[in-house]
Amino acid sequence: MGNKKEKIKSAGQLIKIRDELKNASALDGVAKKHKITVHLGTCGIASGADIIKEAAELEINSRDRRSIMFSTSGCVGFCALEPMLTVQSFNRKPAVYYSLDEQKIKKLFQKHIDGGEIADELEPITEGSKLADFFNYQESRVLRNRGRIDPFNIEDYIAYDGYLGLAKALEFADSSEIIKIISESGLRGRGGAGFPTGKKWELCRAAKSPSGIKYVVCNGDEGDPGAFMDRNLLESDPHSILEGMIISALAIGSRRGYAYIRAEYPLAVTTFDHAIKQAREYGLLGDNILGSSFCFDIEIYQGAGAFVCGEETALLASIEGKRGMPKPKPPFPANEGLNGMPTLINNVETFSNIAQIILNGAKWFNSIGTETSKGTKIFALAGAVNNVGLVEVPMGMTLRDIVFKIGGGIAGDNEFKAVQLGGPSGGCIPETYLDIPIDYEKVKEAGSIVGSGGMIVLDEETCMANLARYFMDFIQDESCGQCVPCRIGTRRMLEILERITKGKGAEGDIEKLERLAEVIKETSLCGLGKTAPNPVFSTIKYFRQEFEEHIITQKSCERLHVKAKVKKV
Amino acid sequence: MQISDLPKYPLSQDEITVINEVIKKYRDKKGALIPVLQEIQKNIGFLPVEVQKKIAAELNIAEKEVYGVATFYSFFSMIPRGKNDIRVCLGTACFVKGGKKIADKIQKELGIKPGQTTLDRKYSLQVNRCVGACGLAPIIIINDKIYQKVKTEEVMDIIYSYNK
Ligand SMILES: Cc1cc2nc3c(=O)[nH]c(=O)nc-3n(C[C@H](O)[C@H](O)[C@H](O)COP(=O)(O)O)c2cc1C
Ligand code: FES
């Protein structure tokens, strides 16, 4: 590439650069024979991917360097098999080698790079191999760049049509056209509530700001304990989020944005910060974006560890330097948000969807999904399932397919019990409802929520009363304490659940829980309290006998649990 | 707990310099309090009362407010961290895979509760809600290094390997 500091000044120039980059990175079988990519996300690094990277570099340096292109990328999303590395050879399908160590790297180079044959004894994932099912049933749209771009190199993103959505949006005669497309697409917020994105943008565009200031805020708080979709996007494809934010700013008329990222995600902060700087250097962020008159810039704001700060009004209070206390709505942030100004707040994954919708059109987006839920959704599949990882599926896929086809079923020879969706605001779905499609309304009917994407699969070893206690404990800890139903009510619920799981429950406790849950749901101030009883509602609804068993036998979890295991043998 | 109940911790000259620099950097910014607390904690490890008072005075914020913010967010600590900072994840994925047992074991062996530091200041223990590495559950983190699929029987070996 030419001089890096040279800002890109037009769509034409951007396309030219993209084409050059594409050519430069294409394998030709003569000079460039292989492309090797080591996947370095948080999970990969924790599993030793940096050692794998060094080992691979050593091997490459002892060979003809020029014939091998080497790069690193973010996460591929198959957490269970880290560390991983992909070899793409000229005119061949890629092979993904997994669970690597230094020994395996040696073998892989001898066989695949020197010998030109896929190293079958390492059982890599290739087309048709069993593990490929994990990817085959997915629809990688938001995760399209998984495993193929280096998040620290903006040119990788550009090579795969990055910032072309923005370029297109800048060419619209009227920026309201952007909102029209997003509305038509049917995209709904991926942060949990599923609010129509286009409508939110419209409200914010229409909102009056006496001083002319409007803000765009990206919600990267990802508080659901058991979710890591947003972490992955921030770490692996930061520019897709940036591009979405920039387009939204253009649509609502904002010049200033914030990305609020959890303090627990250090790599995400580093990656996103780097992406912001690079985007500025390339003229894609800051003053006169792509040579236009449009100016917009972004700053990162690090969270400080409070679940309630994921709630939008609390998040904004936190950016203002205050305690993250939710405020009653209305006023909604779209009218009165950060520093009292109209503020557009969307989730990380929501922003990641935007550029592609602008580029490919509303029809492309809503050609998949259900009547009311369009496009794809990313889930963090974890727990008792074989193929733990990040999965992106078309809305409308059944839970059964996700757990059994993509997830490869339950690990070991345990049996499926339930899947927990939506974390502390969600609920558990039992076997009998596994055939419901992923759809905001349908999942709600079944007693849970689609939520932000945490999906924990539970097997028979999880005591449902204990799980309910776990979530209530979480809520107790994280309640901001402002309103009585949430502060006191959840404490009462927790006390009862502790009693039950310790084998000291009394007759009538379950009914008490139900009554408290009803009151908390109806009278709490913010979403945290309103949804806090959900995990209890759904576990009692579907697994009432487990609560009753505790009460009747007066046995604690440990002792009931032992019994369950013995029974099975 | 009242501010005055917390242990006193005299600051070294270096620490005072760092604090002054951080405050200077953010003084004129809106919403500076949280970033200031974050950076100071990053540098000196925790937020002693004297520091909170200093921040309040310099940023012209009520002491009560600084304390309120510092206690609201779990990221901030008013107790010095140990040389080795142990964090056990108790997010849902780690919980259903036995994270609680791991936390219990460490508490028992080190004789400290979450949020505390051993008397010799070698170890401190915290419990976390999900660090987003659920695929590797159950996990613990020691000084930013993630240990995955930790077994209760092995966890103390991992921890004591830092005692060299
Ligand atoms: C207690 C609570 C926690 C929340 N946590 C998050 C979160 O971690 N991430 C997120 O994007 N939205 C979270 N939300 C939802 C936000 O308030 C808000 O609806 C969302 O950021 C809007 O973006 P979207 O329309 O793109 O989904 C939370 C809501 C509540 C009530
Ligand atoms: S639950 Fe432990 S990392 Fe997510």
Side-chain angles (χ1 to χ4, degrees), chain A residues 42-43 45-47 77-80 82 222-232 235 262-266 268 301-307 309 318-325 339 380-384 388-390 420 423-424 454 456-459 461-462 467 470-471 474 477-478 480, chain B residues 26 29-39 41-42 47 55 59 61 64-77 87 89-101 114 126-141 144-150:
Chain A
T42 289
C43 298
I45 294 171
S47 309
F78 207 155
C79 312
E82 300 281 4
E222 193 156 65
D224 171 3
F228 50 94
M229 308 74 52
D230 296 348
R231 171 183 66 76
N232 175 74
E235 280 178 14
R262 287 182 83 192
E264 286 90 342
Y265 289 177
Y301 200 92
Q302 279 194 55
F307 172 68
C309 284
S318 183
I319 298 184
E320 290 169 6
K322 303 183 189 135
R323 284 184 288 170
M325 298 282 199
N339 304 324
L381 187 61
V388 169
L390 269 192
Q420 210 283 340
I456 312 260
V457 179
L458 308 166
D459 64 13
E461 287 186 21
T462 301
L467 188 73
Y470 166 80
F471 281 118
F474 179 95
D477 235 34
E478 299 291 347
C480 76
Chain B
Y26 285 98
K29 279 195 131 177
K30 251 193 144 140
L33 181 55
I34 295 172
V36 165
L37 293 173
Q38 272 167 339
E39 257 194 73
Q41 168 152 314
K42 199 166 148 199
L47 297 168
I55 294 171
L59 292 182
I61 303 175
K64 210 177 79 209
E65 168 140 9
V66 176
Y67 182 70
V69 168
T71 45
F72 183 84
Y73 295 99
S74 67
F75 190 77
F76 298 126
S77 169
R87 289 187 281 158
C89 179
L90 289 184
T92 319
C94 290
F95 176 78
V96 301
K97 291 223 165 179
K100 183 74 176 51
K101 288 197 190 97
Q126 301 177 65
V127 290
N128 262 96
R129 307 284 192 187
C130 191
V131 297
C134 319
L136 313 176
I139 65 150
I140 67 167
I141 303 175
D144 290 335
K145 179 170 165 57
I146 298 180
Y147 290 87
Q148 54 166 309
K149 296 179 185 142
V150 175

Quick one: what part of [X] sits under 4.5 Å from any heavy atom of chain B, side chain, backbone, both or neither?
X         : answer
Ala382(A) : side chain
Leu381(A) : neither
Ile319(A) : backbone
Asn339(A) : side chain
Ala380(A) : neither

With a 4.5 angstrom heavy-atom cut-off, could you sort out which part of [X] is near chain A: side chain, backbone, both or neither?
X         : result
Lys42(B)  : neither
Asn128(B) : side chain
Lys100(B) : neither

Pick from [options] with the largest number of heavy-atom pairs that fall under 4.5 Å of chain B:
options                         : result
Cys43(A), Ala263(A), Pro225(A)  : Pro225(A)
Pro424(A), Gly454(A), Ser318(A) : Ser318(A)
Ala46(A), Ala304(A), Gly305(A)  : Ala304(A)
Glu82(A), Glu264(A), Arg231(A)  : Arg231(A)

Between [X] (side chain) and [Y] (backbone), is there a donor-acceptor pair under 3.5 Å?
X        : Y         : answer
Lys30(B) : Glu320(A) : no
Tyr73(B) : Gly324(A) : yes
Ser74(B) : Ala306(A) : no

Minimum heavy-atom distance [X]-[Y], with the two atoms named:
X         : Y         : value
Phe72(B)  : Cys480(A) : CE1-CB, 4.1 Å
Gln302(A) : Gln38(B)  : O-NE2, 3.2 Å
Gly68(B)  : Arg323(A) : O-CD, 3.3 Å

* Are any of the side-chain heavy atoms of Val96(B) and Gln420(A) separated by less than 4.5 Å? -> no
* Do the side chains of Phe474(A) and Arg129(B) get nearer than 4.5 Å, heavy atoms only? -> yes
* **Residue among Leu33(B), Leu37(B), Val69(B) with most heavy-atom pairs under 4.5 Å to chain A** =>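 Most heavy-atom pairs within the cutoff with chain A belong to Val69(B).
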Show me the donor-acceptor pairs within less than 3.5 Å that the side chains of residues 132-141 of chain B make with the rest of the protein, sequence neighbours left out.
none

* Nearest-0.5 Å distance, CD of residue Glu222(A) to SG of residue Cys130(B) -> 7.0 Å
* Nearest 0.5 Å please: distance from the OG1 atom of Thr92(B) over to the CZ atom of Phe471(A). =>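 Reported value, rounded in 0.5 Å steps: 4.0 Å.
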* Structure fact -> For Tyr301(A), the side chain to side chain donor-acceptor pair (under 3.5 Å) test, sequence neighbours excluded, returns none
